[in-house]
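Here the structure comes first, spelled out in structure tokens, and everything after it is commentary.
Computed from a prediction, not measured in an experiment: that's the story for all the values here. Just so we're on the same page: letters track the sequence lines, and every chain starts at 1.
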Number of protein chains: 2
Amino acid sequence: MPLSPDEPALPPLVRPTVQDAIRRDIIAGVLTPGARVTEASLAQRYDVSRVPVREALRGLESEGFIDSRPHVGSRVAAIPVHDADDLFAVREALEVSTARSAARRAAALYSGDESPEDWWRLRRQIAGLLDAGDAHVAAGDLDPLVGINDQIHIAIAELSGSATLTRLLRQLSWKIEWLYAADMQSRGKRLWPDHRVIVGAIDAGDGERAAALMAAHVRESRIGYLSRYGITRPSSDPEVAAAVRQQQGGAPDGARPGADTVGA
Amino acid sequence: MPLSPDEPALPPLVRPTVQDAIRRDIIAGVLTPGARVTEASLAQRYDVSRVPVREALRGLESEGFIDSRPHVGSRVAAIPVHDADDLFAVREALEVSTARSAARRAAALYSGDESPEDWWRLRRQIAGLLDAGDAHVAAGDLDPLVGINDQIHIAIAELSGSATLTRLLRQLSWKIEWLYAADMQSRGKRLWPDHRVIVGAIDAGDGERAAALMAAHVRESRIGYLSRYGITRPSSDPEVAAAVRQQQGGAPDGARPGADTVGA
DNA sequence: AGAAGGACGATTGCATACAATCACTCTGGT
DNA sequence: ACCAGAGTGATTGTATGCAATCGTCCTTCT
């Protein structure tokens, strides 16, 4: 397991903006879909002026968390639950690409073709996340696993070196996290051990294996969500749809095929 | 061909913002990658205050067109040419999903399950775009085809009813348009007739056929780009890579395997 | 001569103030 | 009773002004 250059791995630079704060509150359910959010109220809430709030709203609008009409106002957007299957399908393609590219980059790295700065920092960060997740699994508290899970996937995307893919994946992750809403802390238990295997394939520089593993991993996550939240329409992927039916037959407790859009 | 409810199809609401103007100039190459863009200069350039410029820059930053560092300034981002293949791969998944969902929605529409307002407006818009494209092809001026092409794909995505997918596709389209940069007006000639066939499958409510047609369509576009701009690494998709090699062997004129990132 | 330290200029970040626009309500008429 | 229209309040859109921060150049000490 190659992890040689060791230095104080400090985060590159991060500014906790108002946009991040609002987004977090939306995903956490503090700001419910359909709720009217005026610039003044948000400004008071986060103790800043209206200007940074406006900038945050524009950003969140282009991310799909806010619906805004000129001269009228802004509302928290509806949770895209009926897009869920499509979202997972796209996420599958995205993550498969990032995993493959990351592994290829690792191979190029070991052969000495390139040696970027960020690589080791990210690789070290992933190692830390894996260990932290293992500790939580061992301790039995699955709550933090959701966040750690997302961070690992994002870090793998960054490892691929594609800023565009990373950005798209980050947006998708936020949406999926929003879908999962609150109660979903148990999903990671089954899927957690996959991560270490995927990272292993990346380290080995085996692009196709990394891609295949990531595909299976994301797919299982997709099946888990759909079987739990019983979406109105069956999955577009026949295999996924079949797996969902099977899994729902075994545990039809949490399925709620009625609601299509969460509003307020 | 169902196209019954006819009304004045006015666009819902669009505000030509500073953000759109700047993005257009970046894609068009007026603002070159690496160029420093200060808020003051942009404010003067577009004849507004710094406040709208700031909002635009934040939005463009989250779209990946601007790299911004706090208290330092902003630069036009680098064109992600080495991501090209991955971008197309994700676009493939995205557009296949939208085409399938659009067709399913059409089927549900005809069976009377739902009847949304926007559907006919979008469907009419697509019809107009198809006719306009045909006219341009007949007249021989292929310049506007690029824009019309993008509009059709976006409209199909909107037809799918998924705002999230539409937004992601729009971001991807901008990036790919940026990749194509200036010289690429001839690409649409071969691919143009596909659109009418895809729309036909959607109208017929045949989701799988629409998905398959869209997959082939986007894939050919991907092969066309890669064979022309000869990216450093071969495509991750073996079939695509083989097709690129074959096409490059026939016309190795425009290939330039050197440059990996366009900067200034 | 080279390097460390400080001051200046430029630019961003933010707050306040004002103008433009829209939704709502109340009034008047048919 | 219902509809049309003007007025009003609330909210967004924009401009200006000031404070905070960073990069750079010059000075100064070793």
For this session: Grab the CD-P distance between B:Gln44 and D:dT16 for me, whole Å please.
Result: 13 Å

Problem set entry | Salt-bridge contact A:Arg45-A:Asp25 (side-chain N to carboxylate O under 4.0 Å) | yes

Exercise. Of B:Glu55 and B:Arg50, whose nearest nucleotide on DNA chain D comes first from the 5' end?
Worked result: B:Glu55

For this session: Go through C:dC18, D:dA15, D:dC22 for me and flag the one nearest to the B:Ser49 side chain.
Result: D:dA15

For this session: Could you check whether B:Val51 gets within reach of a base, just the sugar-phosphate, or nothing at all, counting any heavy atom under 4.0 Å?
Result: base

Seminar exercise, completed: Separation of D:dA20 atom C1' from B:Glu39 atom CD, nearest Å, is 14 Å

Problem set entry | Euclidean distance, atom CD of residue A:Gln19 to atom P of C:dC14 [Å, nearest integer] | 13 Å

Exercise. Which of these nucleotides, C:dC22, C:dT12, D:dT12, is closest to any side-chain atom of B:His71?
Worked result: C:dT12

Exercise. Under 4.0 Å between a side-chain N or O of B:Arg36 and OP1 or OP2 of C:dT12?
Worked result: no

Problem set entry | Reference residue A:Arg170; test side chain to side chain contact (heavy atoms under 4.5 Å, CB included); the match among A:His153, A:Lys175, A:Glu158 | A:Glu158

Exercise. Which nucleotide, D:dT14, C:dC22, C:dG13, lies nearest any side-chain atom of B:Pro70?
Worked result: C:dG13

For this session: First locate atom OG of B:Ser173, then atom CG of B:Leu169, and finally report the distance between them rounded to the nearest 0.5 Å.
Result: 4.0 Å

For this session: Apply the test salt bridge (charged side-chain N to carboxylate O under 4.0 Å, His left out) to residues B:Glu61 and B:Arg58: give CA-CA distance (whole Å), side-chain angles for both, the deciding distance (0.1 Å), then the verdict.
Result: CA-CA 5 Å; B:Glu61 187 183 4; B:Arg58 287 294 161 276; 3.7 Å; yes

Exercise. Which nucleotide sits closest to the side chain of A:Pro52: C:dA23, C:dA15, D:dT11?
Worked result: C:dA15

Problem set entry | Residue met sooner reading DNA chain C from 5', once B:Ser74 and A:Val48 are mapped to nucleotides | B:Ser74

Exercise. So, is A:Arg54 near the phosphate of D:dT12, with a side-chain N or O under 4.0 Å from OP1 or OP2?
Worked result: no

For this session: List the steps, then state whether side chain to side chain donor-acceptor pair (under 3.5 Å) holds for B:Gln19 with B:Glu63.
Result: CA-CA 11 Å; B:Gln19 182 167 342; B:Glu63 288 172 5; 3.0 Å; yes

Seminar exercise, completed: Taken to the nearest whole Å, CG/A:Asp47 to P/C:dT16 is 11 Å

Seminar exercise, completed: Between CD of A:Glu61 and P of D:dG13 the distance, given in whole Å, is 9 Å

Exercise. Can you find a side chain N or O atom of B:Arg58 that sits less than 4.0 Å from OP1 or OP2 on C:dT12?
Worked result: no

For this session: Go through the N and O atoms of the side chain of B:Arg69 and the base of D:dG23, and report whether any donor-acceptor pair is under 3.5 Å.
Result: no

